[in-house]
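Here is the structure we will look at, set down as C-alpha cells.
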Amino acid sequence: MSTAPQPKQGTRPVAIVSFAQAPTQRRIEQANEVELLMPVISEVYAQANMTKDDVDFVCSGSTDYLIGGPFSFVTALDAVGVWPPKRESHVEMDAAWALYESWVQLQEGDLDVALVYGFGKSSLGDLQRILALQLDPYTMAPLWPDQVSLAALQAQAMIDRGLATEEDFAGVASRSRRDAMNNPNAQVANDLDVATLLKEEYIASPLRRHCVPPLSDGAAAMILVAGDRAFDVVDRPAWITGIDHRIEAHAFGVRDLATSPSTTKAAHMAGVGEGDVDVAEIHAPFAHQEILLASALGLSSATTLNPSGGPLAANPLMAGGLIRFGEAANRIMDGTASRAVAHATSGPILQQNLVAVLEAAS
Amino acid sequence: MSDALETQDPVTMLSTPIRLDYDFTAGVAQSRSLRGYAEGRFVGQRCPVCKKVYVPSRGSCPVDAVPTKEEVVLPNTATVTTFCVVNVPFAGQSIEIPYITASILLDGADITFMGLIQGIPADEVRMGLRVEAVWVPKEELGPTLASVKYFQPTGEPDREISTFREHL
Amino acid sequence: MNQRCAVIGIGQTHHKAKREDVSIAGMVREAARAALDDAGMDYGDIDAVVIGKAPDMFEGIMMPEHYLAGALGAVGKPMLRVHTAGSVGGSTAIVAAHLVATGIHKRVLTVAFEKQSDSDAMWALSVPQPFAAPLLAGAGGYFAPIIRAYINRSGAPNDVGMKVAVKDRLHALKNPYAHLQLPDIDLKMVEESIMLWDPLHYLESCPSSDGAAAMVIAAEDVATAQEKSTGRSAAWIHGMAMRSEPTMFAGRNQINPQAGRDCAKDVFAQAGVTNPRKELDCAEVYVPFSWYEPMWLENLGFCDEGDGWKLTDSGATSLDGGDIPWNCSGGVLSSNPIGASGMLRFLEAALQVRGMAGEHQVADASKALGHAYGGGSQFFAMWVVGSDRPA
C-alpha cells in the first residue's frame, strides 16, 4: 500500500486529486463568470466523486479590475453553493495562491478537503491599460506603460546578457504551439518552425507576435485532499511535497530583470533540486520568460517543459497559474511523471513567483 | 536634498484620470430575464432541487449550485418586504434624491430585488405594501430593468409581515 | 491550531478623512513600523507578509501589494494578498495567524489599509451596471432596509441606533487614533443630523477614513522571548474562525445570518467560551451602521434573539459601567479605513488583553473578541484573544 510522502513544509501531506478547466477562448460571450465556473466546478466534483458537502474549505483567486466592478468574487460564489455556511476565503491574486492558502489551511488537522478555483476574462476590457494599474500609482501608472513593452525590456536584458537569442524565443513558441495541438483546452496550437516564426514583425522589439501570450477567457478548479484519504479518491494523487513563494521589488530599476531571484529562492525552499524533475509546468506568459524561469528553477534539459503548451497556448489571467498546477498534477495522476514542478507568477514581469514540487507516492 | 528643494512645498496630490471601458457579459440566464423586460414581463427560473423561484434569472441556484433551466413568468404584482429612503448624493447618481428603494417580492417569487417606489408619499410607504410594476411605454421597452419605471401601490390590503418573514 | 501563537506587535495610524501628507506606501509603513517597534523587531526579522484591503477600485490601483512589497520589507519573502470584502481585515489577520499556528513561519507581519481619499468608495461600490436600474446607493442603501426589518421584528424603540452612535463616539474620545472626535456628541446631535438612508441618520453611519493597521504574529517561543525582552505582554490567540454564505438566496436570514452564528459558535468553542457576555471582558465588533450593534449582539450569542436592543438600551455595552463593553475604541462608527476596519477590531481586542489600550482600557481585561463582517452580511471572520496562553 502506498503512503503519502512527507512534505518539506508543514506537517501534513496534501495532494491534488482532481482538476478541471474551461476550454480557453479569446472571447467567451455566452457565459458570465458564474456560468463559466459552474461546469468546471461540477467536473472536479464528479472526477473526485464528491459533492459540495464534502468540502471543508473553499478558496478562490480573481481580480475586480478584469470585470470592471467591485466584488466579482462574491457573485462567483453562486457557482459554488456555500450553504450551509462554509469556511471560505479569497485572494486578489492568481488562483495558484488560493491553492497556497488552502494548503496552509489543510495543515490544520481538522480540515481534509479544499476546493480551489480561479477565473478571469481578458476580453472584457483593454488588458494593456488595465494591467498598467498594477504599477506604482505615483511614478509609473500615470505613464500607462503596457505589459508587452515591459516584457520586451526584460527580453532585451536577457539578450544583452547573452542569456538567450530571438531564435531561442521562437524555439519556445514553436514547441509550445506544437505541444498545444494535443491539448483540447488550448487556444493557440499549430505546427510552425522557428524560421517561419522569425519572419513575423516585431510587436515590441525584441518580441514578435509568437513571443506574446494570447488574450484568453477561462476558469479552472481543483480539489485538494489531506492525508491518506487522497488515495480513496484517485490512484496516483499528486502530492505537494514542497511549496514556497517569494516576491521581488516593484521598481524595475532596482531589479535585475534578466534573472528571477524570487523563483530561485522559492525553488530552493520547495526542494526542486533534490531529485529529478520529469515535467515542469511554468507560468511564463512570454516566450523569453520560460527560458529565464527554467534557469531560475534550476531545471536540466532532461525536464519536459510545458507539455500542455503553457501560457503561450492559453493564458486566462487569475486562473493561468492554477492551470500550471493542474497540468503538472495531471501528469502525475496519469502516470507520465513521478516528480513534477509547478510554477505560477503574479505582478508585472515576474515580480512574484510560487513554486511547488508534486510527487507520486512511492 | 538641495536647499532649493527644501524650500518648496511638498507635492501632496497627483491626479491620474483613469478611463477604462468594459464589455458586459450578461450570460445566458440573465439574458433571458433581460429579453423578458424588453417584452414587458418578469422572467425567472426555478431551481430543480429546492424548487425556489429566482428572478431575475441567475443561471444557478446559489444554495444547491446546480444550473437552473426551468423558466417561470411572473406577474406584475408584488409586496414591499422592506425599504429605505435614499437621501445621499453621490457621483454617478441618476435619480433625484430623496427616493425610495424597496425590496420587491413578486408574487410567486422566492427572492426579492431592489425597485423604485412612486405614487405614494414617502412617509406612507410600509413593509407589506402591495405594489405593481409600471412599465415604460411599449416603444421604450428594452432589455434592462430600467424598463420598469417604478412600482406603485395597488390599493389592496397590506400583506401581514409574518407571511413573508423569510424574504427580505 | 497546531501550535500556540500570539500577537506581539500592534500598530495603527491616526485615522483621518484625508492623509495628504503620505503616499499609500508611507501610510502602511507607519502602521507596520509601529507594530515592529512594539514587537521589538525590524523588517529583517519577519518571515512573511500578509496584506489585505477592500476592492482595488477604492484607490484605483490593481493589486497594490506589488507596489507595496518594498515599503513593507517583503522583498525576498512570501507575500499574500487577501480580499474578502469588508471582513478582509479580519480574514487577513487569520490567514497570517494560520501561517504561524501551522508552524510554517515564526514571525508574520500582517497589514491592512484603505486610503479612501485616493478615489471615491461610494462610487466604487455603486458602479452603474448595464441593464440594471441605477438604484444602488452605497453600503447604507444596502443595509438600511435590513435594519428596518430588524426594528420591526424586534420591536426595538427607534432611538436604540442613536444610542449606539453616541456611545461609540464617546468611546472614540478616549482613543487618540480614532477619526471622529465629537466632544459634544449627544442624542440630539445624532437626531438632528441628516437622514441619509432612512432609518439611518448621518451620524448613525461610519465615516470614510484613510488609515492602516498592522500586527506582528509570532510563534510561542518567539512570543515568550519577546515578552521578556520588550517587557510587553503578548495577546494569545485562543480561537479563530471564518464562515461565508451566498449573498442572496431564497429564505436567507439577512438580519441574523447563519454564517455569523456558525462562525461565533466555532470560535467560542475553540476558546472554551460558553457564555460570551459573562466570560469575555469586552468585544470589538464590526458595527458600520449603529443598528448592527444590537443585531450582532444577537447573532454572536451575547443574548437571545430579539433582545440585543435591550442590552444596548440598558448601557451594558458601554465602557462607562457596562458589563460587556463593545467597541471601546470607538469602533467602525468612529474610524473606517474599510480594508483596515476589520483588522482594527482584531487589533483592539489584542490591545485590551495586553492591557495597552490606554484611556479606553477595560480594567483587567483577559479575554476579548475581535469580529469583522463583509459583503451582504455574508462573510465573517472572528478571533478570541486572551492574556493567558491557551490550554
| So, do C/Pro78 and A/Arg246 sit near enough that their side-chain heavy atoms are less than 4.5 Å apart? | yes

| request: Heavy atoms only, distances under 4.5 angstrom: which of C/Leu99, C/Val49, C/Thr247, C/Asp118 has the most pairs with chain A? Name it, please. | output: C/Leu99

| message | Between C/Pro64 and chain A, with a heavy-atom cut-off of 4.5 Å, which part of the residue counts as in contact: side chain, backbone, both or neither? | response | neither

| task | Determine the interplanar angle of the A/Tyr138 and C/Tyr67 rings, folded into 0 to 90°, and report it as parallel if under 30°, tilted if 30 to 60°, perpendicular if over 60°. | result | perpendicular

| Does any heavy atom of chain A fall under 4.5 Å from the side chain of C/Gln378, the backbone, both, or neither of them? | side chain

| Aromatic ring proximity C/His66/A/His250, centre distance under 6.0 Å | no

| Any luck finding a side-chain donor-acceptor pair between C/Ser244 and A/Glu88 under 3.5 Å? | yes

| query | Parallel, tilted or perpendicular for A/Phe73 and C/His83, by the 30°/60° rule? | reply | perpendicular

| task | Compare all side-chain heavy atoms of C/Arg243 with those of A/Lys86 and state whether any distance is below 4.5 angstrom. | result | no

| Do A/Leu77 and C/Pro246 touch side chain to side chain, with heavy atoms closer than 4.5 Å? | no

| query | So what's closer than 4.5 Å to chain A heavy atoms on C/Ile24: side chain, backbone, both or neither? | reply | both

| Are any non-hydrogen side-chain atoms of C/Val82 and A/His90 less than 4.5 angstrom apart? | no

